Amino acid sequence: MRDILGERDDAIPDRPTRVAEPSRESQLPKRFYETAGVVEEKGVYAVVLDGRSVRTPGKAKLVFQSGIVAQAVSDEWAAQSARIDPMTMPLTRLANTAVDGVATDPQAVKEDLIRYAGTDLLCYRADSPDALVQRQRERWDPVLDWAQTALSVRLILAEGVMHVAQPTESIAAFGFHVNAVEDAMELAALHVMTSLTGSAVLAMAVYKGELSGDAAWALAHLDEDWNIEQWGTDEEAEARRANRHKDMMAASLVVSAGE
């Protein structure tokens, strides 16, 4: 290998990227404000930094129908240290997406949510071991029963990962409930929960108040938790899951607050 690449230059560090690449933290914007708060303006709530309204990347003013959500966003800004890290601000990121993205094309988001119902996580069951099969049946079936009763959505189960086509009338029924969501913030939250869980039914159950965000999260990770029980986990996987959980809790806060 040395013959092909030539002799190594001792002046080059063993890991030159550590010299060439700045740290992620150093690339984050510096905190430019002293205080964060909430101001009520004409029936809506604006997050302010040193008295000035926060704006989205698209320069829209960030306001909320819910004072609870606005305060939670303000708390995210207040919790920043010397630099502002968007990854620690799931509600702010969700709000930016809702205002700059979802509000401009809500139909595309709704269509994506409806497509998820055609491949819902809760419909794809393990064929073994028996204990996992039983756990899925005990914990997932009640949610599907609720969907059939409350949403008129009857979904067909399948073993393994082979796709099973869902009844057209069930997808249409689910679409009725999705299309009834008019608020961009709620729609964005519903999409986040669906994406994180892989289940449009679980997300809708949180939206309708049937499940808490934590309950839906646990149901969505039933298989993963089973594997952890058998084989354990690692720190990186735990960190990724913790970050996704924060996004889930931010989205569930939005819908539970009636945003």
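Excluded from the calculations below are hydrogen atoms, water molecules and symmetry mates; all remaining heavy atoms, backbone and side chain alike, are included. Keep in mind that this is a model prediction, so the values were computed, not measured.
- Residues Asp141 and Arg125 are in side-chain contact: their nearest non-hydrogen atoms beyond the backbone lie under 4.5 Å apart.
- Between Asp100 and Gly58 the shortest heavy-atom distance is OD2-N, 2.8 Å.
- Looking only at distances, no side-chain donor or acceptor of Lys61 sits under 3.5 Å from a matching main-chain atom of Ala46.
- Between the CE atom in Met248 and the CG atom in Leu202 there is a gap of 7.0 Å [rounded to 0.5 Å].
- In this structure the side chain of Trp140 reaches within 4.5 angstrom of the side chain of Leu121, judged on heavy atoms.
- Counting heavy atoms from C-beta outward, Gln148 and Val153 have side chains that stay 4.5 Å or more apart.
- For the pair Leu94 and Ala189, the tightest heavy-atom approach, listed with the atom from each and the gap, is CD1-N, 3.9 Å.
- Among all heavy-atom pairs drawn from Ser252 and Gly213, the shortest one is CB-CA, 3.8 Å.
- Rounding to the nearest 0.5 angstrom, the gap separating the CE atom in Met185 from the CZ atom in Phe64 is 5.0 Å.
- To the nearest 0.5 Å, atoms CH2 (Trp77) and OG1 (Thr88) are separated by 10.0 Å.
- Closest heavy-atom contact between Leu155 and Cys123: CB-SG, 3.5 Å.
- Of the residues listed (Thr92, Asn96, Leu28), the one engaging Pro86 in a side-chain contact (heavy atoms from CB on, under 4.5 Å) is Leu28, and it is the only one.
- In this structure a side-chain-to-backbone donor-acceptor pair under 3.5 Å is present from Gln166 to Ile156.
- Within 6.0 Å of atom CD in Gln230, more than 12 heavy atoms from other residues, nucleotides or ligands are found, so the atom counts as buried in its surroundings.
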Exercise. Could you walk me through whether Asp225 and Leu222 pass the side-chain contact (heavy atoms from CB on, under 4.5 Å) test, one step at a time?
Key: CA-CA 5 Å; Asp225 287 340; Leu222 186 151; 6.0 Å; no
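- Considering only heavy atoms from C-beta on, Thr233 stays 4.5 Å or farther from Arg241 through its side chain.
- The two residues Asp120 and Ser199 have their closest heavy-atom pair at OD1-OG, 2.8 Å.
- With hydrophobic clusters built from ILVMFWY side chains whose heavy atoms lie under 4.5 angstrom apart, Tyr33 shares a cluster with Val54.
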Practice problem: For side-chain contact (heavy atoms from CB on, under 4.5 Å), just list the numbers for Val133 and Arg137, CA-CA rounded to whole Å, side-chain angles, deciding distance to a tenth of an Å, and then say yes or no. | Solution: CA-CA 6 Å; Val133 172; Arg137 182 183 304 118; 3.4 Å; yes
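- Note: Thr194 OG1 to Leu113 CG = 5.0 Å, rounded to the nearest 0.5 Å.
- Placement of Ile171 and Val181 within a single hydrophobic cluster is found when ILVMFWY residues are connected by side-chain heavy-atom separations under 4.5 Å, directly or transitively.
- Linking Ile, Leu, Val, Met, Phe, Trp and Tyr whenever their side-chain heavy atoms come within less than 4.5 Å puts Val73 and Phe32 in one cluster.
- Within a 6.0 Å sphere centred on CZ of Arg93, other residues, nucleotides and ligands contribute more than 12 heavy atoms.
- Listed for the Thr97 side chain is no donor-acceptor partner under 3.5 Å among the backbone atoms of Gly101.
- When atom types are taken as modelled, the side chain of Ser256 and the backbone of Leu253 share a donor-acceptor pair closer than 3.5 angstrom.
- Side-chain atoms of Arg31 come within 3.5 Å of backbone atoms of Ala78 as a donor-acceptor pair (strictly under, hydrogens ignored).
- By the 4.0 Å N-to-carboxylate-O rule, Glu76 lies too far from Lys246 to be salt-bridged with it.
- Side chain of Tyr124 to backbone of Val164: a donor-acceptor contact under 3.5 angstrom is found.
- Asp234 places a side-chain N or O within 3.5 Å of a backbone atom of Ala237 that can act as its donor or acceptor partner.
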Quiz item: For Gln107 and Asn179, what are the C-alpha separation, side-chain angles and deciding distance, and is it a side-chain contact (heavy atoms from CB on, under 4.5 Å)?
Solution: CA-CA 8 Å; Gln107 192 57 38; Asn179 286 319; 4.0 Å; yes
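- Residues Tyr207 and His177 fail the side-chain proximity criterion, which asks for heavy atoms closer than 4.5 Å.
- Between the side chain of Ser74 and the backbone N or O of Ala70, no donor-acceptor pair lies under 3.5 Å.
- The hydrophobic clustering, which links ILVMFWY residues whose side-chain heavy atoms are closer than 4.5 Å, places Val201 and Leu187 together.
- In this structure, Asp112 and Arg115 have side chains that are in contact, with non-hydrogen atoms separated by less than 4.5 Å.
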Exercise. Check step by step if side-chain contact (heavy atoms from CB on, under 4.5 Å) holds for Val44 and Gln65.
Key: CA-CA 5 Å; Val44 296; Gln65 299 295 325; 3.6 Å; yes
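- Atom CE of Met249 sits about 4.0 Å away from atom CG of Asp214, to the nearest 0.5 Å.
- Just one of Val255, Val143, Leu211, Leu190 meets the side-chain contact (heavy atoms from CB on, under 4.5 Å) condition when paired with Met204; it is Leu190.
- Minimum heavy-atom separation, Leu91 to Ala250: CD2-O, 3.5 Å.
- Salt-bridge check for Asp247 with Arg244: failed, with every basic side-chain N at 4.0 Å or more from each acidic carboxylate O.
- The number of heavy-atom neighbours closer than 6.0 Å to CD of Glu236, taken from other residues, nucleotides and ligands shown, is 12 or below.
- Rounding to the nearest 0.5 Å gives a distance of 7.5 Å between CG of Asn227 and CG of Leu132.
- Residue Ile68 places its CD1 atom among 12 or fewer non-hydrogen atoms of other residues, nucleotides or ligands, all under 6.0 Å distant.
- Contact of the Asp75 side chain with the Gln71 side chain is registered, since non-hydrogen atoms from C-beta on lie closer than 4.5 Å.
- Looking at Val178 and Glu111, their side chains never come closer than 4.5 Å, going by heavy atoms from C-beta outward.
- Tracing side-chain contacts under 4.5 Å through hydrophobic residues (I, L, V, M, F, W, Y), one never reaches Trp217 starting from Tyr116; they form parts of separate clusters.
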